[in-house]
S.K.: 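Quick one: the structure is below, and I'll ask about it shortly.
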Amino acid sequence: MRIDIITLLPELLHPFMQLGVCGRAIAAGAVAVECWNPRNYASPPHRIVDDRPFGGGSGMVLMAEPTLAAARAAQAANPDACPIYFTPRGTVLNDKLARELAQQAGLILLCGRYRGVDERAVTAFGGREISIGDYVLSGGEPAACVLLDAVLRHIPAVLGNANSAEEDAFADGLLDAPCYTRPAVFEDQPVPPVLLSGDHAAIKKWRRQQAEQMTAQRRPDLLKNK
Ligand code: SAM
């Protein structure tokens with residue numbers, strides 16, 4: 001999969017692209033990521049990318065021209081990609097959407113800054129609008145990191161254990177069961193005995209019960225969608 005990111009702060013993304021799931025995906029050749037900075041598409045010598053909002057109010061707005069020029073360059077390099085604009089007004093990202101996006105040939109991620117992107121550039125870009133939650137970030141870059149991590153772990157060959165994403169929360173519409181490792185007793189807390197029994201059917205049943213109980217207690221809304 002090819003992923004292009006339109007961002008004024010590629011430096012924020014570089015460490016993320018070198019480590020963890022994203023770093024592994026790139027190193028394995030499963031994913032290629034490129035950043036496009038609207039500042040490189042702004043007029044010299046000052047390369048200004050923001051201006052005051054029409055109608056007044058606080059903050060600055062990311063200008064349409066350099067943003068769209070960067071976006072169009074990315075779209076030319078990745079013509080079959082699904083365009084995405086990060087915004088608090090978008091569809092909230094969840095596991096189902098992450099799995100859908102993992103099926104795409106490519107993604108183009110437009111990260112806003114300041115008060116946001118001039119709406120005319122948003123319209124011309126034509127992206128799917130995605131939020132990562134009901135709070136406001138200073139820019140779309142943290143949203144890009146969250147989306148990349150959530151999407152890439154669903155691409156075969158990215159996770160070390162091909163099945164592990166299928167054992168995580170939401171894979172079957174439930175939260176995950178609690179997990180334990182050595183030592184068998186930690187600060188007077190023993191591991192649930194079934195996990196030491198070697199009885200795989202009993203372990204599977206226990207994990208399912210725990211997942212159902214956890215979901216009913218913490219996220220009953222998930223059970224309604226099952
Ligand atoms: N004025 C905008 C509003 O209230 O909807 C917020 C702008 S925010 C300070 C700057 C940029 O951060 C946005 O254009 C968007 O790209 C990104 N952003 C902020 N919150 C986000 C969220 N919850 N999900 C995804 N992106 C977000």
Side-chain angles (χ1 to χ4, degrees), residues 1-17 20-22 31 33-42 47-75 77-78 81-104 106-154 169-170 219 221-222:
M1 178 189 275
R2 180 184 166 119
I3 298 168
D4 292 277
I5 308 176
I6 298 128
T7 169
L8 281 177
L9 288 178
E11 299 84 359
L12 257 183
L13 296 165
H14 287 154
F16 184 80
M17 293 192 292
V21 161
C22 195
V31 172
V33 183
E34 190 169 342
C35 291
W36 304 77
N37 192 334
R39 205 170 290 285
N40 296 334
Y41 295 83
R47 298 195 179 275
I48 291 168
V49 291
D50 59 324
D51 207 340
R52 287 170 296 166
F54 277 130
S58 61
M60 302 294 270
V61 176
L62 196 41
M63 293 163 74
E65 204 176 0
T67 307
L68 199 57
R72 287 195 168 138
Q75 283 173 315
N78 197 359
C82 168
I84 291 168
Y85 171 51
F86 291 117
T87 165
R89 74 185 181 199
T91 306
V92 178
L93 180 66
N94 61 15
D95 189 60
K96 183 167 177 274
L97 180 50
R99 285 168 188 269
E100 262 175 61
L101 295 176
Q103 304 297 319
Q104 296 286 332
L107 301 174
I108 298 178
L109 312 179
L110 173 54
C111 302
R113 279 259 142 202
Y114 315 120
R115 288 272 307 257
V117 178
D118 185 310
E119 192 67 23
R120 294 163 296 182
V122 173
T123 305
F125 179 60
R128 193 163 176 174
E129 300 196 355
I130 293 182
S131 161
I132 62 159
D134 290 344
Y135 40 80
V136 177
L137 304 164
S138 308
E141 292 78 9
C145 294
V146 168
L147 183 136
L148 281 181
D149 196 300
V151 168
L152 295 184
R153 57 203 319 284
H154 292 301
F170 308 114
R219 292 290 307 275
D221 57 300
L222 293 175

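Counting convention: from 1, in listed order, for ligands and their atoms alike.
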S.K.: Please check if any side-chain donor atom of Thr87 sits under 3.5 Å from a side-chain acceptor atom of Glu129, or the reverse.
M.R.: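 No, no side-chain donor-acceptor pair sits under 3.5 Å.
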S.K.: When you measure from the side chain of Arg115 to the backbone of Val61, do you find a donor-acceptor pair of N or O atoms at a distance under 3.5 Å?
M.R.: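 Judged by distance alone, no pair lies under 3.5 Å.
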S.K.: Can you pull the residues with any heavy atom under 4.0 Å from ligand 1?
M.R.: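 Lining ligand 1: Tyr85, Phe86, Thr87, Pro88, Gly112, Arg113, Tyr114, Arg115, Gly116, Ile130, Ser131, Ile132, Gly133, Tyr135, Val136, Leu137, Ser138, Gly139, Gly140, Ala143.
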S.K.: Could you check whether atom CZ of Arg52 has more than 12 heavy atoms from other residues, nucleotides or ligands sitting under 6.0 Å from it?
M.R.: no
S.K.: Measure across Leu148 and Cys22 and return the closest heavy-atom pair with its distance rounded to 0.1 Å.
M.R.: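 Nearest pair, atom of Leu148 first, then Cys22: CD1-SG, 4.2 Å.
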S.K.: Let me confirm one number: the CG-CG distance from Asp50 to Asp118, rounded to the nearest 0.5 Å.
M.R.: 12.0 Å
S.K.: Could you tell me which non-hydrogen atom of Ala77 sits nearest to which non-hydrogen atom of Arg2, and how far apart they are?
M.R.: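 Here Ala77 and Arg2 meet closest at CB-NH2, 3.5 Å.
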